[in-house]
**Q** 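Here's a structure for you.
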Amino acid sequence: MMTANYVALATVIFFIGAAGVVVRRNPLIMLMSIELMWNAANLLFLAFARAWYNNAGHIFAFLVITVAAAEAAIGLAIVVVVFRSRTNVDVDEVAILKG
Amino acid sequence: MTAAFWILAVLLVASAIAVITASKPVYSVAGLLAHFFFLAITFFMLSAEFLAVIQLIVYSGAILMLFVFVIALLSSGVAPFALGPNRLPKIAAPAAAAVAVLLGFAGYAIAREPAITPRIVASYAGPVGAANVFGSVADFGRALFTTYLLPFEVTAFILMVAVIGVILLAGESTPYVPTRKRARIVERQVREAIVRAGEE
Amino acid sequence: MSITISHADWLAVLPLFIVGCGALIVLLVDLAWPKHAPRNVSLAIGIAVLIAAGAFAARTYGINHNAFGGGFILGGFAVIFEEIILLSSIVSLALFGALGRSDRIAGITALILWSTSGAMLMAGAANLMTIFLGLELLSLALYCLCGMAERKTSQESALKYLILSSTASGFLLFGMALLFGASGGVTLEGLAVPALAANPLYWLGGGFFLIGIAFKLSLMPFHMWSPDVYEGAPLPVTAFMSVVTKAGTLAVFARFAYSLPSSHNLLLPFFVIAGISMIGGNLAMLPQTDLKRLLAYSGIAQAGYIVAALAGATALGIRYALFYLAVYMFMNLGAFGVIALLSTDREEGAQLAVFSGLGRRRPALAAAMSFFLLALAGFPPTAGFLGKVLILSVNVNAGYAWLAALLVAGTAISLYAYFKIVRTMYERDMEAPPLPQSNAPLAYAGVLLCAVFVLALTFYPLTPSNVLPLAR
Amino acid sequence: MMLLVIWLLPLLGAIVNFAFGPQLKRSAGIIGSALVGVSLIATLAEWAPATTGAGATLGVRQHLFAWMPGFDFGLLLDPLSLIWTLIITGVGFLILLYSIGYMWSDEAIARFFAYMDLFVFAMLTLVLSDNFVGLLVGWGLVGLASYFLIGFWFFKPTAVAAARKAFVINVVGDVAIMFAIFIMFAKIGSLSFSAVFAHVPMLDGWLFWTCTFLFIGAAAKSAQIPLHTWLPDAMEGPTPVSALIHAATMVTAGVYLVARCWPLWNASHEAQLLVGTTGAVTALAAAVLGIAQWDIKRILAYSTMSQIGYMIMGVGVTAYQAGVAHFFAHAFFKACLFLGAGIVIHELADEQDIRRMGGMRARTPVAFWAMFAAVLAISGVPLFSGFFSKDQIIYGALAHGHPWMYAAGIVTAGITTFYMFRLFFVTFFGTYRGDLNPADVGVEHPEEPTSHEPQHGATHPPAWIMALPVAILGVFSVIAGYVMIGSNSPWSRFFRPVFGFEKLPPVAISEIWTSVIVLVCVAIGFAVAYWRYATPEALADAPARLRAETHRMPRVLVRLYYFDDLIDLIVVKPAQALGTFFGRLFDPMVIDGAVRGVVSLSDAAAERIRDWQDGLLRVYALVVVAGAMCFAIYYALQGAAR
Amino acid sequence: MVLVLIALPLLAGSLLLLLPQNDRRWSRSTGCIVAAITFVLPLAAGGSGSFSAHWLSRPFAASFDFAWNGVSLWLVLLLALCTFCAILATNMVQARTMIALLLLLEASMMGLFTARDVLLFALFWDVMLLPPFFALLWWGPERKTAWRFIIYNFSGGLLLLLATAAFGVLSGSTDVIGSTHQFAGAWAPWIFAGFAIAFAVKTPLWPLHTWMPATYADLPPPMVSVISAVQSKAGLYGFIVIALPFLRIAMIQWSALFVALALVSLLYGALIALTQSDIKRIVAYSSLSHLGLIVLAIFCFNAIAVQGAIAYIVAHGLFSASLFLILGYVEEREETRSIAHLGGLGKSNPKLAGAFTIAALAALGLPGLAGFVGEIVILTGVFRAGYFWPALIALVPIVLASAYMLRLLQDTINGPEVAALPKRRDLTVLEGLAVAPLLVALFVLGVYPAMIWR
């Protein structure tokens, strides 16, 4: 019974993260929302690991955290490079490529 | 047990919403920190002690600190965040509705209590924290370095890529000169300065 | 439940690690050089490493081995994909010889080698974990590579690619988690249990997993990122990305599709969006004036064709998907090669204005470009024609006639778009600015190699025979 | 072998004249006419074998080659084709001789003789072939030759238009014969005359249609009523052309065709009725039109139409011998008339309107006497050839049960006499009106004479070269009839093996009484003509009378029964209207419109896709999430359904 | 030996591209020699020569199978002759490029007519579209015609591709031209539809013809003479060699529709030709009408009609090639194509007028020339196959043909000399030589056509 609750909780957090990416215009908030999505997935992995008593979920969660770290690093580096020379940190400003 | 879950669930959702609705990025970082903390507690409930600790140390400790530094870097002397026309087309409202619909589905799928028949893989089950028990660090370590060695090796490459990538992206374009050589260059420059001073 | 890692397992993954460590060698050599290793040295080392990995991979063609407990399945399928990925990264490095900043070349070569190893991992991955890691290794390297050119648009493309791709990876992860929950294990083999069809987690998980895959293949609704990123990124990176990401993702999708029991209605939406992207991709090509953006949309359509070949999970389907992917690689890289030869370090020759009246000023290059465009349009003397015929016949056979019809309609529209470029090249009275004479022997060799293969494959179609089984 | 000589010599003449035309100049005429002469002699040599044998072995046969089973070619000379060959080569030779003089001053003389020889060769192909396809090939080539010759002075727009009209109507005839050939080939399987005529019953239901379509071909060629409009315009060509083609030979090809296919006509009564009626109607209508004309050649053209109407009526009512007899006689006196007219026109420097002639008796005596004999012959005055053959036809019509055709024949004989003598008196009697002001003779818009440049160093042709042929033809037009006198005349014995003997049942009015009635009509015709044009006071104020007659001429006759306007209205205008509609409107609008529609549709769709790609990162994210949403909903539904 | 037929022009064509742009002497002589060889070779080799190499085995067996016999022999000879004459007649500015294109066109169509494998046929079907497309691009006055040409024909090619794939999959092998394998199943009508539409676009048949007049009018004379003479026969050749033997059942079901379409194109082409003002478009619409007759012959399933069709294919090839070359000369001399401004050419250039007359007479089906033979045998076969009314209706365009052909002929060469037109020299020896073989062939086939059906 407990696993079902965890699945519901993870789905809710996942879609809050997705909404965050879509709604917010600040790139940092977007990156944080992406972190939220990934953590929701992590939670789901651990919930199912607990249900199946299979520690593959733990390993997967650990890997997700590593990759999230790398991705956050590169993400922030790109954000810094892009917005270093701009006045306001707004993703809608970054729209040269179109058509 | 379930009461704790519900409290944590409410707290988790609240902190997540706080992250995306905060007006200033610092508040959203705080929200995220709270979120990670509650997650760590949940992980403990799910008998994943190692992961809980990693969550606290790596995620909150390292990645969040990165965010704080960048926020500091970008906000110094810069106009407030997120001003300017909100150019998202009018579709935002229906998108939100869609999210709501899906949440409903998630609930529906859950309510039907999927027939998860746990197949006991690990032969042992025991209280949280005991050695060699499911979820313990020893068990985690053994799995990581025997069954899932290939993923572990690949993470090495991933981190390497992150490091090199960041340097290339954001690093200054001055070339890296080894220390001893640099010392000799400085000496030469000093000598030349003296000789030039001498001539004048 | 621990498995023993034998010598054969490491041999299976050897090409992967050769490429990974090769990147380190490049960096070390650059470090040892006084100022910066000259462009050709880093590229030469990189290409040498790739060729060595290619040789190792070719040696293991015959052996079928399930390494790392299902983590990496060595077999005809994996080797062919590795060869395709290695070949395209070799050509991309060759294109770097023609343009790009020379001070960062070592770092760029290393990143390209790492993304190649990530793609090779995806080629052989048979469990969710290896798929995820391969995908992320490939993508992370590409995020950085996209930002390498000095132009503002390249940084913008890197930002867009990162955020959108991470969101998609989020969906992929969520899907994997649900699949893990449904099947209890991470291996694709575990998903082959027919009883799973009754489990809603399996359906939702499969759905989210396919969303991640569809995003990476830039099929229609999830394609928004590719035109901007292809245009923003430096040319060799675009060339690399257009082939390698598709190759790796297709390998993963093929294993996933061929391992599912009754996969029809789980994959149906995927083939529907493949059909839509065939038509939409070709339509979107019509008004384009920038060649990289045009090739992006053409990539969307071509991805649709290859996915169409896999419809119905037939044995022949996988062979012709592989054949068409190989032909697509040569066509695409050839076209990018020609653009590279027309561009200088400062600005890239991807604008249509550069191509107007090319037939008169650079007849050889114009002929090569027309040949590649004809191949992309599926005109007869080229392997594109044969590839399309094979896909059509497989579709008709597998009962997906509606996909075949969409393919034909898409090809008709694509003809109109590709021939616009051919027309501007052979326009009569266009006076155009004089063109720089770029003297990168590597790039010329790359273009020539592609042209020879596109013509030869028409008459000697090498469709590999022992490609199955996949998930075991 | 001799057949090949007869057949191919004119072709040789044509090729030689065509290839070496410019060098030959006037000697081209000599070569051309000599070759036709040799061909004439060869025909005479073949007289004996051509008339021996009976039924299938009648005449001389010569197999050529075969295209396909059922399409084989060969030559056949039997009494019927012998008569036609004789006229073609005989009268042809005389006319060629005459045209040496006539075309003496024209610088394209070589080309003229090349075309004339080509015509003779084509006519021989038509007449000598032993199957329908050979006949059709001859039919087409004859049309081509007449097109070349009518349009010989191609710098004259009217000649060019007339040539095109003649050729198109001719093709209508070709096409009709083609359809008949389809029927015969489908039903009988072979196209040679012997095979077709041996299996006539096999045609059963289609017999009438075969005869009808064959007759449409004949009508087009012999200028019968619905398809006759090209003949008067064909007078644009040089006069010898009109003489040879539009009087003696080509226009009678229709009569030859019906005569050759007599077994078909014998078997189908309705076909006989059709052909007979058309012949009679044409004879009558053409005669009436003849009255209304003032151009000397157009009068002769309408008289030819009328006489051929007689012949068609003759063969139509299965009086084949009578029809062929009238053809035989008509060839001579009509050629003589045309050549005489040619001399007159030549004398008056191409003036063709009889109102501006008059008093030509003194200036062209040879023409006067020869034409006098011919006019008597054509009117059917006894002792002249026309009398015998025309009476046989008229009587034949009655004998075969067509009383009203009998009446039409008699009336036409009268009218023929009137307009022939009208022409004769106005042209040759009275004083020369050429130098008067054309208006007061009734000529509104005088046609300026065609300026075909006389050759520099204008040497004159030998005087006899034009006079001799006319004289010979005049003599023949008198004596030609004697061979047909009586019921067992040499003529009927000559044709007995071809058409077989047919005992005519006794009829209300005997043959002698028919001749008497015809003579009465002829006399009436002559009297009216004499009273209007030849009395001394008529001759005195001829100009005033002619002007009055021109104004009083009824419009329907002047506009030639509005036939030309009718054809123009029914056929030419709609075709052009349809053509312009399809060409200008339908093609570019409808079909191309559809393609342009598809192309613009795809461009519009492309624009839509481009609008969505507006560069905003969050829009892309939204599309990704929305797409994922649809996927998720589908899979959730699937999952829930399980 | 067959490969020489294809490889030689291909090689020569591509080698010529190395010569300087408007070199005329060298490129023309090599072009003529190559075209002459391709003409003599099949004759010397007698009835048949063949070559075959393995190509595909998996979804369906396909191989590079070339051979020629019967119909394709005549089309190969026609192609070689027309190319020879076209190369002789090329004296425009970029002669070398045009001659190279002509040779490449010949190579591709040689491949098409000798292919014994349906997939190979489809391959060459698309390749042969390239030379005219590039010719339209370089010489065509407006780009729109190049577009319309390539879109119409290539979409047809695509349908052909789909039908070939289905053909191969269902019958196991596409290397079948010459063998007999009937298609019955549910798929037969669809496969036939694919083939039929592709062939109808190429022929062209009525609703799909709008690309043809503009293309024929805009292409330079040497190229259009080969295209109108031979490429338009690819569709008919397809019907005879692929559709008739394999898809007979489906074809019989749909024959009523195609007979109707053939009749419509017959009348439609003739009527428009009556009122066109551009001389090239008159001949273009006339060939729409003539080809409609051949389609009618094919869809009567009568042996005689098909034999007539083959004769008429060769005849039409000859006279449309000579007509377009001659119109090219007229346009070259008078710089105008509208019939209203032309006239009186016969006076100053009699040789040109003579050649024009012979070609026009052959076109309108004068007995004694090649056109008539085809027409009469076809219509006899059509009538014998039971189609009475179509045979009768098909006669009307023959009458219209004489009307518009004479209008074209007389308005250009007869009539008084138009003062505005400059007086140009008559046909040069070279131009005469370019047209002579075609006219001689018209006479020979007109007098003795049995050699086609031997």
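Throughout, protein chains are lettered first and strands after them, A, B, ... in sequence-line order, and every chain is numbered starting at 1.
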**Q** Which answer fits E:Leu392, side chain, backbone, both or neither, if we ask what part of it has an atom under 4.5 Å from a heavy atom of chain D?
**A**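 Looking at E:Leu392, backbone and side chain both touch chain D.
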
**Q** In terms of heavy-atom pairs under 4.5 Å, which option from D:Val160, D:Leu141, D:Leu136 contacts chain E the most?
**A**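 Top option by heavy-atom pairs under 4.5 Å: D:Val160.
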
**Q** How many angstroms lie between CG in E:Leu379 and CZ in D:Phe182, if you round to the nearest 0.5 Å?
**A**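 Here the interatomic distance stands at 4.0 Å.
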
**Q** Rounded to the nearest 0.5 Å, how far does CZ of D:Phe179 lie from CG of E:Leu395?
**A**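 Answer rounded to 0.5 Å: 7.0 Å.
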
**Q** Please rank E:Ala401, E:Gly368, E:Pro207, E:Gly365 by heavy-atom pairs under 4.5 Å with chain D and give me the top one.
**A**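 The residue among E:Ala401, E:Gly368, E:Pro207, E:Gly365 with the greatest pair count is E:Pro207.
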
**Q** Can you tell me which portion of E:Leu208 sits under 4.5 Å from chain D's heavy atoms? Options are side chain, backbone, both or neither.
**A**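 Looking at E:Leu208, nothing touches chain D.
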
**Q** Pick whichever of E:Val373, E:Leu274, E:Ile151 has the most heavy-atom pairs under 4.5 Å with chain D.
**A**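 Looking at each of E:Val373, E:Leu274, E:Ile151 in turn, E:Val373 comes out on top.
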
**Q** With a 4.5 angstrom heavy-atom cut-off, which part of D:Ile169 approaches chain E: side chain, backbone, both or neither?
**A**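 Contact with chain E involves no heavy atom of D:Ile169 at all.
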
**Q** Please identify, among D:Val172, D:Leu144, D:Val599, the residue contributing the most non-hydrogen atom pairs under 4.5 Å to chain E.
**A**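 Ranked by heavy-atom pairs under 4.5 Å with chain E, first place is D:Leu144.
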
**Q** Test E:Leu366 against D:Phe167 for side-chain contact (heavy atoms from CB on, under 4.5 Å), laying out the working first.
**A** CA-CA 11 Å; E:Leu366 178 80; D:Phe167 190 82; 4.1 Å; yes

**Q** Kindly check if the number of other-residue, nucleotide or ligand heavy atoms within 6.0 Å of CZ (D:Phe208) is above 12?
**A**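 Counting neighbours around CZ of D:Phe208, more than 12 heavy atoms of other residues, nucleotides or ligands fall under 6.0 Å, so yes.
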
**Q** Could you check whether atom CZ of D:Phe20 has more than 12 heavy atoms from other residues, nucleotides or ligands sitting under 6.0 Å from it?
**A**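 At most 12 heavy atoms, drawn from other residues, nucleotides or ligands, come within 6.0 Å of this atom.
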
**Q** Can you say whether D:Phe582 sits under 4.5 Å from chain E via the side chain, the backbone, both, or neither, judging by heavy atoms?
**A**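 Both backbone and side chain.
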
**Q** Any heavy-atom pair between the side chains of E:Val377 and D:Phe185 that's under 4.5 Å?
**A**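 No, every pair of side-chain atoms sits at 4.5 Å or beyond.
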
**Q** Applying ring pair (Phe, Tyr, Trp, His ring centres under 6.0 Å), can you list everything that pairs with D:Phe112, at least two apart in sequence or on another chain?
**A**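 Checked D:Phe112 against ring pair (Phe, Tyr, Trp, His ring centres under 6.0 Å); matches are D:Phe152.
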
**Q** Quick one: CG on D:Leu578 to CG on E:Leu267, what's the gap to the nearest 0.5 Å?
**A**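 The distance works out to 9.5 Å.
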
**Q** Please flag which part of D:Phe73 lies under 4.5 Å from any non-hydrogen atom of chain E: side chain, backbone, both or neither.
**A**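 No part of it gets close to chain E.
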
**Q** Considering only heavy-atom distances, could you tabulate the donor-acceptor pairs under 3.5 Å between chain D and chain E?
**A**
unit_1   : atom_1 : unit_2   : atom_2 : d
D:Tyr147 : OH     : E:Gln410 : NE2    : 3.1
D:Phe154 : O      : E:Gly415 : N      : 2.9
D:Arg164 : NE     : E:Gln410 : OE1    : 2.7
D:Arg164 : NH2    : E:Gln410 : OE1    : 3.3
D:Arg164 : NH2    : E:Asp411 : OD1    : 3.2
D:Phe185 : O      : E:Arg384 : NH1    : 3.2
D:Asp587 : OD1    : E:His209 : NE2    : 2.9
D:Asp587 : OD1    : E:Tyr268 : OH     : 2.5
D:Asp587 : OD2    : E:His209 : NE2    : 3.2
D:Asp587 : OD2    : E:Tyr285 : OH     : 2.8
D:Asp592 : OD1    : E:Thr210 : OG1    : 2.9
D:Asp592 : OD2    : E:Arg148 : NH1    : 2.6
D:Asp592 : OD2    : E:Arg148 : NH2    : 3.3

**Q** Nearest 0.5 angstrom please: D:Met178 CE to E:Phe372 CZ, how far?
**A**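 Reported to 0.5 Å precision, the distance equals 5.0 Å.
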
**Q** Heavy-atom cut-off 4.5 Å, strictly under: side chain, backbone, both or neither for E:Val382 against chain D?
**A**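 Neither part.
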
**Q** So which atom in D:Gly140 and which in E:Pro367 form the shortest heavy-atom distance, rounded to 0.1 Å?
**A**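 Taking every non-hydrogen atom into account, CA-CG, 3.7 Å.
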
